[in-house]
Amino acid sequence: MSSILITGGAGFIGSHTCLQLLEEGHYLYIIDSFVNSSPQIVERIERLFSKGHEKFEEQFNLIGGDIRDKILIENIFKSSIENKHAIEAVIHFAGLKSVEESTLNPSLYWDVNVGGSINLVKIMEKYNCRTIVFSSSATVYSTDNKCPLSEDSQIKPSNTYGQTKVTVENLLMSLYNIKGEDWKIINLRYFNPIGAHPSGLIGENPRGKINNLFPYLNQVASGQKKELRIFGNDWPTKDGTCIRDYVHIMDLAEAHCLALKYLLQKGKSDFLSLNICTGKGTSILELMRHFESVNSCKIPYVFVDRRPGDIAISFASNDLTSSTLKWSPKRNISDMCIDGWRWQQLNPNGFEK
Ligand code: NAD
Ligand code: UD1
């Protein structure tokens, strides 16, 4: 059992990962500003946790606050030492993730994603905690690469959000290069995480405008939105719609637990970037048809213009991740559609009543 600081642990990927880490017996300090999540996640995670209330109270510590707040982060590290559960590693999810918003408000994205990460690693150094798993993205890759992408494909993000992710990867690389400091670092480059915990109690809870395909699809299926607007049917793909590498959120959460285990067991410094993907591309129409078939529903849709900044095809090899972490995705597109839809049906307004 280890003590882990989870930034952004109330969010979509963070909440699923926290649950698995709790089940593995880890002691968690979670910091989240709730800018894109809800404190109600605590009660949901507790309901799912198998070891009872007392253990939950002991293992799960959620602190509301911002990763840019130096005093707060430092106090978390200090109190972890006082409580004899000194933080040994960090999983760094906290950040803003809308490509569109990042082009409209770039200084906010640089401040939160990069400024917040600099703040975090400075305090980690001060408290001799040099193990970190960082949430990176498929968006770091150049759109000129041919698919399947691999970790050594060309890096050239085409938007501010992606640039902030590459900058944090570079920051972490420069820490790894410090002689004698023994940083242990994994950048997980997620492709398209969708689905939800099979209980339907936790899932994706986007606030404000919905940009991503799957939450939008869910809301069309539930009747909250009239129709799915498919951005382009003239892409150079088999059916004209874009192809993505969708990965089940539960598989993604398992990858974090394995990445953490790998680093904690590692005797010396390390720096790795790993794709979290299935290696399979699925078009929007294919995803929609799967969703309709496994959930016995009909999705009204229209084709509209391409969305600026989109690419036709994005999928990647997970060979390096499989061989390094002994991870492979266990769930398929049908599981993603069934579990994601269950979450939507049980929580039509997310965590809001
Ligand atoms: P999310 O928005 O659900 O989770 C991020 C969490 O960070 C939220 O709970 C939010 O409230 C919190 N947060 C944001 N700014 C903060 C700040 N300044 N201080 C403290 N907490 C803050 O998003 P997610 O999908 O769970 O993504 C987690 C990470 O993975 C993000 O860094 C995101 O960029 C990255 N990522 C996500 C995807 C995806 O498709 N979901 C793909 C690639 C990378
Ligand atoms: C997007 C971001 C990516 C980010 C990821 C997670 C862009 C260009 N990329 O990935 O950087 O890491 O979200 O936040 O924004 N689509 C529709 N109708 C919709 C929504 C989406 O047709 O209402 C299409 C898109 O054009 C795309 C596919 O569905 O072809 C998937 O879109 P989305 O879920 O936004 O993911 P990405 O674009 O792959």
Side-chain angles (χ1 to χ4, degrees), residues 6-17 30-39 41 63-69 72-73 91-103 108-109 111-113 115-117 119-120 134-141 143 157-162 164-165 168 187-194 203-207 209-217 219-220 225 227-233 235 237 241-247 249 252-253 256 276 282-285 287-288 301-315:
I6 317 277
T7 74
F12 175 42
I13 307 172
S15 56
H16 289 78
T17 305
I30 297 147
I31 175 168
D32 202 300
S33 65
F34 306 115
V35 69
N36 198 37
S37 53
S38 163
I41 195 69
I63 302 118
D66 199 296
I67 47 161
R68 292 166 294 177
D69 183 338
L72 179 67
I73 306 278
I91 304 184
H92 181 27
F93 293 108
L96 301 175
K97 63 168 182 177
S98 158
V99 171
E100 191 188 4
E101 191 187 33
S102 77
T103 56
L108 176 69
Y109 272 68
D111 191 36
V112 172
N113 290 3
S117 300
N119 190 39
L120 177 68
F134 170 61
S135 293
S136 190
S137 169
T139 197
V140 300
Y141 291 114
T143 52
S158 54
N159 55 63
T160 304
Y161 165 69
T164 66
K165 289 290 174 191
V168 177
N187 301 308
L188 294 180
R189 295 180 182 152
Y190 317 140
F191 278 67
N192 290 63
I194 61 171
E204 189 168 10
N205 181 38
R207 293 208 160 168
K209 186 175 171 214
I210 297 180
N211 294 307
N212 295 120
L213 177 65
F214 196 80
Y216 206 97
L217 184 65
Q219 293 214 347
V220 174
K225 299 229 182 301
E227 60 200 3
L228 178 67
R229 294 162 67 243
I230 298 181
F231 300 138
N233 62 348
W235 295 95
T237 60
T241 64
C242 290
I243 290 178
R244 293 290 181 273
D245 192 330
Y246 298 97
V247 53
I249 187 68
L252 203 73
H256 287 81
I276 303 297
T282 304
S283 77
I284 298 176
L285 287 176
L287 178 69
M288 204 182 78
Y301 69 93
V302 284
F303 291 118
V304 297
D305 288 346
R306 291 179 177 192
R307 181 173 69 176
D310 269 341
I311 50 167
I313 304 176
S314 169
F315 65 95

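Just so it is clear, the structure is predicted and the values come from calculations on it, not from any experiment. Remember, it's 1-based here, ligands and their atoms both numbered in the order they're listed. Along the sequence shown, residues carry numbers from 1.
- Remark: ligand 1 and Phe12 share an N or O pair separated by less than 3.5 Å (distance only, no angle test).
- Residue contacts with ligand 1 leave out His92, since none of its heavy atoms falls under 4.0 Å from the ligand.
- Atoms of ligand 2 found under 4.0 Å from any heavy atom of Asn192 (numbered from 1 in listed order, with element): 36 (O), 37 (P), 39 (O).
- Residue-ligand proximity: Ala138 is placed with every non-hydrogen atom at 4.0 Å or more from ligand 1.
- Below 4.0 Å from some heavy atom of Lys97 lie the following atoms of ligand 2, by number and element: 14 (O).
- Between Ser136 and ligand 1, no N or O atom pair is found at a separation short of 3.5 Å.
- Between Tyr216 and Phe214, a ring centre-to-centre spacing not shorter than 6.0 Å is recorded.
- With a heavy-atom cut-off of 4.0 Å, Glu204 does not touch ligand 1 at all.
- Considering both main-chain and side-chain atoms, Lys97 comes within under 3.5 Å of ligand 1 through a nitrogen or oxygen pair.
- Where the criterion is an N or O separation shorter than 3.5 Å, residue side chain and backbone included, Ile67 meets it with respect to ligand 1.
- Of the candidates Phe134, Tyr190, Tyr161, it is Tyr161 that places a heavy atom closest to atom 33 (C) of ligand 1.
- Residue Phe93 has at least one heavy-atom neighbour below 4.0 Å for each of these atoms of ligand 1: 28 (C), 29 (C), 31 (C), 32 (O).
- In this structure, Ser314 falls outside the shell of residues with a heavy atom less than 4.0 angstrom from ligand 2.
- The contact set between ligand 2 and Asp310, taken as ligand atoms under 4.0 Å from a residue heavy atom, comprises 8 (C), 25 (C), 26 (O), 38 (O).
- For ligand 2, the atoms sitting less than 4.0 Å from at least one non-hydrogen atom of Thr139 are 11 (O), numbered in the order shown with element in parentheses.
- Under a 4.0 Å criterion applied to the non-hydrogen atoms of Arg229, ligand 2 contributes the atoms 17 (C), 18 (N), 19 (C), 22 (O), 23 (O).
- Atom numbering of ligand 2 starts at 1 in the shown order; those under 4.0 Å from a heavy atom of Cys242 are 30 (O).
- Contact annotation for Asp66 and ligand 1: heavy atoms of both the backbone and the side chain come within less than 4.0 Å of the ligand.
- The closest approach between a heavy atom of Gly116 and any atom of ligand 1 is not below 4.0 Å.
- Heavy atoms of Asn192 stay at 4.0 angstrom or farther from ligand 1.
- Residue Ile13 holds the heavy atom nearest to atom 26 (O) of ligand 1 of all those in Val35, Ile6, Ile13.
- Around atom 39 (O) of ligand 2, the closest heavy atom drawn from Glu100, Arg244, Glu227 belongs to Arg244.
- Heavy-atom proximity to atom 3 (C) of ligand 2, evaluated over Thr103, Leu96, Val99, is greatest for Val99.
- Below 30°, between 30° and 60°, or above 60°: for Phe134 and His92 the angle between ring planes is between 30° and 60°, a tilted geometry.
- For atom 20 (C) of ligand 2, the candidate residues are Asn211, Thr241, Leu287, Leu228; the nearest heavy-atom contact is made by Asn211.
- Annotation: Ala10 places no N or O atom under 3.5 Å from an N or O atom of ligand 1; distance criterion only.
- Although no hydrogens or angles enter the test, the distance criterion places no donor-acceptor pair under 3.5 Å between the side chain of Asn36 and the main chain of Leu96.
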